Structures are given as C-alpha cells and as structure tokens.
Novice: 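Sharing a structure here in structure tokens format.
Numbers here simply count residues along the sequence, with the first being 1. Everything numeric in this text was worked out from a predicted model, so none of it was measured. We count ligands from 1, going down the list as the structure has it; atoms in each ligand are counted the same way.
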Amino acid sequence: MKKFRYIAWGLVVVLLGAVGYTMLMQNSNTGTNSVVEAADIGGSFSLVDHNGQSVDQSAFNQKPFAIFFGFTNCPDVCPTSLYEMAGWIEKLGPDSEKLGYAFVSVDPTRDTPDVLKDYVNAFSDKIVGMTGSEEQVADIIKSYRVYARKVPLEYGDYTMDHTASVYLMKADGTFHGTIAYGEDPETAVKKLENLVRTAS
Ligand code: NI
C-alpha cells in the first residue's frame with residue numbers, strides 16, 4: 001500500500017510536469033510574444049501572513065522575491081521544496097537578505113495562519129507563510145497562473161494537486177523566471193543570484 005502510494009505520487013508529479021509543459025507550449029503557440037505572456041504572471045495580491053496580519057506585495061519591501069504555492073498536508077513536493085529553498089537561502093549567504101521568500105497556501109481551509117507558521121518555521125525563519133480567504137487565495141492563484149485542484153481521497157479526506165515550480169519575481173512584481181521542482185541546487189542558487197542582480 002505504501003509502495004502504491006509512492007508510485008501514485010510519482011505519477012502525480014509526472015502528470016503535473018506534463019500539464020505545466022503543455023500550458024507553456026500552449027502559451028507559446030497563441031501567436032503572442034512570450035515576453036508578453038510572462039508579463040501576465042504575477043500582480044498585486046491581498047493575503048494573510050502566518051502571523052495573522054494582512055499582507056500584499058509590499059510585504060517584500062521592494063525586494064525581488066521567490067514565491068511557491070502549496071499546502072501543509074502535502075506529502076512530498078512541498079516539504080521537499082521548502083527544505084531545498086532553506087538550503088538555497090543558506091548558500092546565498094548575505095545575498096539572501098536581498099530577496100523575499102513566500103509559501104502561499106492553495107488550501108486555506110486547513111492552512112490557517114497558525115498551522116502555516118509552525119510549518120514554515122520548521123524550514124526557515126526567512127520564508128513567510130501566506131494564506132487567506134478562499135477568494136483571496138483564488139485571486140492569487142489566478143494572477144500567478146498557478147494550477148491547483150482539490151482531489152478527493154478516501155474517508156472524505158482530500159489532497160491538492162498543484163504547480164510545483166518556484167516563481168521568481170522582480171522587485172516590481174513582474175515575472176523573472178522559475179526554479180523547477182528538483183532543480184539542481186547549484187542552478188537554483190545561480191538563478192536566485194541572477195534575481196538579486198535584477199534589483200541593482
Ligand atoms: Ni505540495
């Protein structure tokens with residue numbers, strides 16, 4: 001049963017990758033310039049941080065930022081990604097202060113600020129957990145073009161399928177690039193260093 005679960009999650013990851021790739025391909029096939037498409041990712045948002053305070057894009061203090069979407073009950077992708085993000089932050093050293101980091105819940109029903117706070121702090125005190133009302137979360141999911149879907153499990157339980165990429169955003173909130181799930185740590189840190197450079 002456990003083995004089956006791992007295989008099932010492996011398939012989910014592969015499927016998400018395929019969906020993401022297809023979406024990218026569809027975007028690049030619409031005839032519009034890819035820069036314009038990229039510019040469509042992001043935008044202003046209104047959420048609640050893991051201390052229960054209202055937050056918007058000004059939370060990053062005019063710094064470029066790395067933002068990731070997930071949920072605390074995630075069995076694999078989210079803990080792995082947050083663990084890796086904590087590692088990148090450490091490798092960046094002093095430069096890590098020049099960026100903001102956020103983990104946005106796609107499961108606001110279960111991810112209250114308190115739940116998020118404990119979860120995110122277990123990985124890094126630099127990553128800000130963000131949640132909000134169903135509507136607030138739906139809004140940022142839409143503006144960031146994130147894929148997130150509730151998947152029913154046995155006994156009335158559910159899990160979430162969601163985009164596994166980390167979005168890299170410039171200080172003005174416009175899209176810079178992504179770090180893929182499982183990206184080589186050196187490449188990931190280089191991407192973050194490039195993101196730091198967009199600020200100067
Ligand atoms: Ni996840």
Novice: Output, by chain and residue number, all protein N/O/S atoms separated from the Ni ion (ligand 1) by less than 2.8 Å.
Specialist: Cys74 SG, Cys78 SG, His162 NE2
Novice: Looking just at side-chain N and O atoms, do Asp111 and Thr72 make a donor-acceptor pair shorter than 3.5 Å?
Specialist: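 There is such a pair (donor and acceptor under 3.5 Å, judged by atom type) between the side chains of Asp111 and Thr72.
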Novice: For Tyr158 and Asn73, does a side-chain donor sit closer than 3.5 Å to a side-chain acceptor?
Specialist: no
Novice: What pairs meet the salt bridge (Lys or Arg N to Asp or Glu O under 4.0 Å) rule with one or both residues in residues 116-135, with sequence neighbours excluded?
Specialist: Glu97-Lys126
Novice: Is it true that Thr198 and Asn194 share a donor-acceptor pair across their side chains at a distance under 3.5 Å?
Specialist: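 Thr198 and Asn194 do not have a side-chain donor-acceptor pair below 3.5 Å.
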Novice: Between Asp172 and Thr174, is there a side-chain donor-acceptor contact under 3.5 Å, judged purely by atom types and distance?
Specialist: yes
Novice: Is a donor from one side chain sitting under 3.5 angstrom from an acceptor on the other, for Ser58 and Asp56?
Specialist: yes
